[in-house]
Structures are given as C-alpha cells and as structure tokens.
Chemist: 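Take this structure first; my questions come after.
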Amino acid sequence: MALTEVYWDHHIPLPKLAPIQAKVTVALVALLCFINSYDGEFVFDDSEAIVNNKDLRPTTPLNNIWSNDFWGSNLSSNSSHKSYRPLTVLTFRLNYLVAGGLHPVGFHVLNILLHAVISALMIDVFAILIGGLAYDEKGRILNHAPKTSLLAAVFFAAHPVHTESGVNAAFDVLLICNVNVYELSQRLLLRKNPLDISEIFRMGLLTRLTLMGLGGLLMLYARWRIMGTGPPAFTEVDNPASFAENIFLRIVNYNYYYSLNAWLLLCPWWLCFDWSMGCVPLIKSATDWRMVWLLLLWCILIGLISQALCSQDSQRRRTLTLGLVLLVVPFLPACNIFFRVGFVIAERVLYLSSAGYCLLLAYSLGHCFCCWSKHRRLLCVMVLALLCVYVVRCALRSHQWRSEQSLFSSALTVCPLNAKVHYNVGKNLADKGNTSAAVSYYREAVRLHPTYVHAMNNLGNILKEKNELVEAEQLLSKAVSIQPDFAAAWMNLGIVQNSLQKFEKAEQSYWNAIRFRRKYPDCYYNLGRLYADQNRHVDALNAWRNATVLKPDHSLAWNNMVILLDNTGNLGQAELIGREALRLLPNDHTIMFSLANVLGKLQKYKESEGFFLHALRINPNAASCHGNLAVLYHRWGKLELAKKHYELSLKLDPEAPGTRDNYNMLRRKLDQLKRSTP
C-alpha cells in the first residue's frame, strides 16, 4: 500500500545511499563493532551449550535436538530449564561438522556474520515500519524513509546490548489492513461514529488475526507438550523477585527490572554476564528511592502510547506504534507475567527489543532535526558522538567476551554484590592453577551468599589439595546439609574423610553420592581407593569394575585394577585386565606401563619390552618407565640396554627410588664381566 514520503526524513543529515550501499554500510558497522572477538574462547554458558552438549556430536541421533533443551537435557526432565531452541542447536551442530570439531573461531565468525546480515536487512524492516509497504513499477519495495531507516539500522548494528522473538499481528493491523489507530481509538473511547463490525470484516482484519491467534495457540500447545507439560523449576537465587513474600513486592520489583532493562537500552555501559545472586537488591518498601525509576518508566511509556494512539499525525502514529510493539512484544516472554523466568536481567533477550528502541531513537532524532533546525550542527555532533560511543562500547564489550578471565573480571565493577561473579572469577583462576587467588574469591562468594553450595564445594576441594582438611570437611558438610542431593559434594566429602582416616564416614559419604547420582564412575573409583586403603581388595576391584562399566574409558580405574592384582600376586588376572583395558584405550601409556610390569614378572620379556617402548614413544620423559624397562633388560640379560635406560631414568629424575641402587649394581656386574673377560 503506497504511502507518502516521511516528512522528517530529509532533515536527517545522512547521505541518501542506494539500497545496496546502505546495507553494506550497516554490515560494515556491525563487523567493526564485533570483529575483534572472532578468535575468542568458548566462555561462560558455552561450556554447557556447546562444549559439553552431546547433541552437537555426529554420533548423537539428529532427532534428539527436537526433544532436548538448549543444553542437551531432555525437556521432560525436572532438571531441564525448558529453553527450547532446536534451530540454534542445529546451527551449532552444522558448525561442528564444518569445522571438524569444537573450534570457537567458526562459531564466533558465523554469529558475527549473522548479526551483520540481520543488521543490513533491518533497513528494509525499518523502512516498511516507518514509511509503509509500497512497491515501484518493477515490484521492488520502495523506501519512503531511507535516511531514518539507515540511521535506525546503524544504531541497531552498533548497540552494545545484543535473542530471538515476533510482531506479526501489529504489522497486519497497521500496514496490511491499514487500520487507522487514531480513528479506531476515537470511536471506541469517545463513542464517535460507532464502529461497524462489517467494516472490520471487509478489511479482513478479524480473519487474519484469528488465523494468527490459532497458529500461536497451536505453537504454544506444541511447546507445552514438548516441555513435558510442566514449567521449569527455578530457585530464589535465579529470580528473587518471583519469590517475594507478597504480590505487591513482586509487581514492584518486576517493574524495577523493566526499568533496568530500559536503562540498558538507553545507556548500555554497565553490562554483566549475570545479574542474579544479589546483583540487584530487592525493593522491600514503598519509600525506597528506586521507586522513582518505576514512575519515570511508566510516565515515558504512557506518553509514548498516548502519542501512538491519539496523535493526528498518521506517520507519527504508525512509527511510534510499531516502535513500541517491536520494543515491548519480544520482551513479554521475559517479563514474568505469564510464567516465572530463570533470570533477573538477561541482555540477550533485548536483541529484538533493541530494534524497537533504535526505531524510536531514529524517529526522535529525525523529529529533532525537523523542529530544531537552528541547532542542526549541535545535533549532528551529538548523533555522531552517540554512534561513536556505541561502537567503542561494542568493541570493548566484545573484547571482554574473548576470554572467561576478562568477561568475569569485567563484572566485578558492575555487580560487586553478585556471589556468582566472584565464584566464576575464582573458578577461572583455579582452572588456571592459581588456587591461592581463587580461595579469596570463593570465600567472598560464600560471604555474600552463605548458602552457595557450589562455592563451598569448590573451596573445600582447594583446601583439600592444600591439606587443610578440617576446614574442607566443615565446608563440604555444610554444603550437603544445605543441599542433601548434592552428589559431587558428598563425593568430595568422602575424599576428605578418607584422608582424615574417618573410613566409615567416608564410605557412607560415597554411597550417599551414588544414591543421588547412580551413574557416578568417579565416585566408584574413589570408593575403590578407600577399600584398597583398608585392604578390602575384592570390594576395591568391584568398585573399580563398576567405574569402568559406567565409563569404559576410565583410565585410572583400569590402571588401579591392574596394579592391585599385580601387587597381590594375581598376575594372570592382571594381564587379562590390562589387555582388556588397552583394547578400549589403545594409546594409554599408564596402562601400557602397568601391563609391561606384569608381563615382565611373567617372564614374557619380548611383549613386556614392546609395551614399555610403546609407552615411551607416547611419553618419552617418563623416568619410571625408563627405570622399569632397565630392570626388565637387567633381568633379561641385555645389560648394555639396561645401562642406557638406567642412565636416562636418572637424568630425568636423579632421586628416582631404587633406580640408582639398581644402576650401581649393574655397573659392578659389568665391571666384573670386563675383568673376567680375557
């Protein structure tokens, strides 16, 4: 439907570019903002959504993505977050196949290119929303607002806050059916010229809205069935406002969250990867000064809505209405009205809403240029400054997303009261081996959130490694008392109790862990170590066998079985277990080493030599392997080879137990042989 050219568009100080030039310009702005993160790491949620998500692997049936959530868990499971994004997971899977594995560059480059393409296409979207749907004689879409749509698209491309949502109904009402919202509101509110239902039918509006409504209901029903007909289970730390003691406090805090989201669109400087766990303290009283932000938000929204409905300027009504719809509707699933969501603020849900904001911003600037022509130069400087700020902030933020260290550290200044931020900084430091620094962050996380069981568990683990066993036991005991089904904490508590020689308590802790997580191979492995320490050899072997059944590539469990059978003189069984293990783990040098020792004792010298040499090809700097191979050659009578490997072993580890004594014994024997040789 052809509409007149937008009157404020020519006042905007931008060149009138050809369609392809405008799209290339916007795409280049998007690339400029985010290209510096193309070679970043997998960070934060990537570990669960991509790295540990089995649905990405070619060995996993493709059908699984339609019944699993975004994280690879079955949607019907009580532990599922019900985040259903099968098409996104499918793109991850294609990325995995094309790149030949988990290489973050491919994932990042695709995302950056997609954002650039979407930003370029937003020019057409904004053009239709502002100027209406019109075609030239060749059937091409006409852009009645080329400068405004370009400015809005540039803002969208460069906005530092950037998930997927839709606004088809409003598009149908305002552009396809060309409903005059002002006239409709006058008829309904002021009862002027009562509305004739036949007019609506002639426009086809009711038919179209009915079809879209039925389609939406069908999609919701399908989603509900796929989710297992139940909502996801979230905790108070995920979304504190939804657990507030009364409905008034919940409504107030929800609205405060809305105002914070609006502020992130207006001023996207304070950005954080996670806003839970005390990052946003609850409003608990009507006298809280933050109530001002709620009132300000609704004053602005009411003002915009009144202009969108009651302005006599049809172009203003259309632009404001569609801008508000694009701003608000994609945000509705995250607003806690229909169901509880698992976050306080999530910048990712503002992706489409930011398009509505950019449309409103571009309209406002165009209106300013139109009305304040005397200050045109100042307005140009302000617009340019705003764009530069957005581009710089985008570049800085995308740089922060390059690694977990920079991402987590950047959140400390934004949300210093967020226990999860301190926890993630500590975890990142611990993963890099800096456990001393990690301890202080874990302690701060526990101080900020005294029931933070994951922080207690990780802190207890570090203290265990530092041999501070009493405090480690206290922390882990507290963690399992707060969350009795925390299997990992039960297992770690068992390890600490075993080290403290509290064997009965340790055994009970291990069995508690297995009770809450039946398929727990690492726990069976540690239980086997406990039994071995108590000389309960049969129980130890059974525990390690369970570990290998649950996890066939559990190298430590296989190796311990071989060593235990070797030490107890069951060499034949040790050989069988070792060979079985190597069929599953053909390149495991530790199992080769243990099996070679067994074969040497069985006087199968040639086979033993082969396994020792194979192990050394994989790990040539293993002093113990050189030392034991030397012992084998010593027994076998290959004294020069024995001497060579004794010397290699001592070079790698001068303090290797027994090696120097064996070497000295060999040298004496070699000296005797030289003297006895004529």
Side-chain angles (χ1 to χ4, degrees), residues 69-70 81-85 159 161-171 212-213 216-217 219-220 223-224 227 230-268 270-277 279-284 288 290-305 308 320-360:
D69 64 17
F70 182 62
H81 277 201
K82 314 296 185 183
S83 47
Y84 189 55
R85 305 172 201 164
H159 202 290
V161 170
H162 281 147
T163 196
E164 37 192 67
S165 316
V167 274
N168 295 330
F171 183 85
M212 279 190 290
L217 288 172
M219 289 179 65
L220 286 173
R223 173 73 182 265
W224 181 69
M227 286 171 54
F234 296 116
T235 62
E236 186 174 355
V237 295
D238 296 319
N239 185 354
S242 65
F243 290 85
E245 57 192 36
N246 61 60
I247 188 68
F248 172 75
L249 288 180
R250 285 199 290 273
I251 292 172
V252 165
N253 281 283
Y254 287 158
N255 279 273
Y256 181 55
Y257 292 169
Y258 306 157
S259 67
L260 289 176
N261 278 283
W263 180 249
L264 289 180
L265 290 174
L266 286 166
C267 183
W270 292 275
L271 301 175
C272 186
F273 71 92
D274 184 271
W275 293 82
S276 63
M277 284 198 173
C279 188
V280 183
L282 289 180
I283 294 175
K284 297 182 179 180
D288 193 309
R290 293 174 293 173
M291 294 286 288
V292 172
W293 296 113
L294 282 66
L295 298 174
L296 183 60
L297 172 69
W298 281 105
C299 285
I300 293 171
L301 281 178
I302 290 169
L304 288 171
I305 292 169
L320 288 176
T321 301
L322 288 168
L324 284 168
V325 168
L326 194 55
L327 176 72
V328 174
V329 172
F331 183 73
L332 288 178
C335 70
N336 286 288
I337 292 176
F338 306 107
F339 45 79
R340 176 185 290 155
V341 298
F343 50 83
V344 175
I345 297 171
E347 293 155 19
R348 62 185 180 273
V349 305
L350 295 175
Y351 191 80
L352 262 189
S353 292
S354 68
Y357 162 74
C358 293
L359 176 56
L360 294 173

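All residue numbers refer to positions in the sequence shown, counting from 1.
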Chemist: Less than 4.5 Å apart, any side-chain heavy atom of L327 and any of L265?
Modeler: yes
Chemist: Test of understanding: with side-chain hydrogen bond (donor to acceptor under 3.5 Å, both in side chains), list the residues that count as partners of W270, not counting sequence neighbours.
Modeler: none
Chemist: Return the CH2 to CG distance between W293 and L260, rounded to the nearest 0.5 Å.
Modeler: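 Separation between the atoms: 9.5 Å.
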Chemist: What I'd like to find out is whether the side chain of W275 reaches to under 4.5 Å of the side chain of L264, using heavy atoms alone.
Modeler: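 The answer is yes; the side chains approach within 4.5 Å.
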Chemist: Listed by chain and number, what are the ring pair (Phe, Tyr, Trp, His ring centres under 6.0 Å) partners of Y256, not counting sequence neighbours?
Modeler: none
Chemist: V252: what forms a side chain to side chain contact (heavy atoms under 4.5 Å, CB included) with it, not counting sequence neighbours?
Modeler: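 In terms of side chain to side chain contact (heavy atoms under 4.5 Å, CB included), with neighbours along the sequence ignored, V252 is linked to F248, I283, M291, L294.
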Chemist: Going by side chain to side chain contact (heavy atoms under 4.5 Å, CB included), name the residues that satisfy it together with A241, two or more places apart in sequence or in a different chain.
Modeler: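 Per chain and number, A241 pairs via side chain to side chain contact (heavy atoms under 4.5 Å, CB included) with N239, N253, Y254, Y257, L282.
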Chemist: How long is the gap from CD1 on I251 to CG on N336, to the nearest 0.5 Å?
Modeler: 11.5 Å
Chemist: Under the side chain to side chain contact (heavy atoms under 4.5 Å, CB included) criterion, do N255 and W298 qualify, and how do the steps go?
Modeler: CA-CA 9 Å; N255 279 273; W298 281 105; 2.6 Å; yes
Chemist: How far does CG of L322 sit from CG of L360, to the nearest 0.5 angstrom?
Modeler: 10.0 Å
Chemist: Listing request: all side chain to side chain donor-acceptor pair (under 3.5 Å) pairs with a residue in residues 322-332, at least two apart in sequence or in separate chains.
Modeler: none
Chemist: Specify the closest pair of heavy atoms between C279 and D274, including all atoms of both residues, with the distance to one decimal.
Modeler: SG-O, 4.4 Å
Chemist: To the nearest 0.5 Å, how far apart are OG in S354 and CG in L326?
Modeler: 8.5 Å
Chemist: Please report the closest heavy-atom contact between V325 and P330, naming both atoms and the distance.
Modeler: O-CD, 3.5 Å
Chemist: Specify the closest pair of heavy atoms between S276 and V344, including all atoms of both residues, with the distance to one decimal.
Modeler: CA-CG2, 4.1 Å
Chemist: A side-chain contact here means heavy atoms from C-beta on lying under 4.5 Å apart; do L296 and I300 qualify?
Modeler: yes
Chemist: Just to verify, what does L295 make a side chain to side chain contact (heavy atoms under 4.5 Å, CB included) with, not counting sequence neighbours?
Modeler: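 Scan of L295 (side chain to side chain contact (heavy atoms under 4.5 Å, CB included), adjacent residues dropped) gives none.
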Chemist: How would you list, by chain and number, every residue that makes a side-chain hydrogen bond (donor to acceptor under 3.5 Å, both in side chains) with S242, sequence neighbours excluded?
Modeler: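 With sequence neighbours excluded, S242 shows a side-chain hydrogen bond (donor to acceptor under 3.5 Å, both in side chains) to R340, given in chain and number order.
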Chemist: Going by disulfide bond (SG atoms under 2.5 Å apart), name the residues that satisfy it together with C272, two or more places apart in sequence or in a different chain.
Modeler: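 So C272 forms no disulfide bond (SG atoms under 2.5 Å apart) with any residue.
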Chemist: State, to 0.1 Å, how close A244 and R250 come at their nearest heavy-atom pair, and which atoms those are.
Modeler: O-NH1, 2.8 Å
Chemist: Could you pull out the closest heavy-atom pair between R290 and P281, with the gap in Å?
Modeler: NH1-O, 2.7 Å
Chemist: Got a second to check how far E245's CD is from K284's NZ, nearest 0.5 Å?
Modeler: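 These two atoms lie 8.0 Å from each other.
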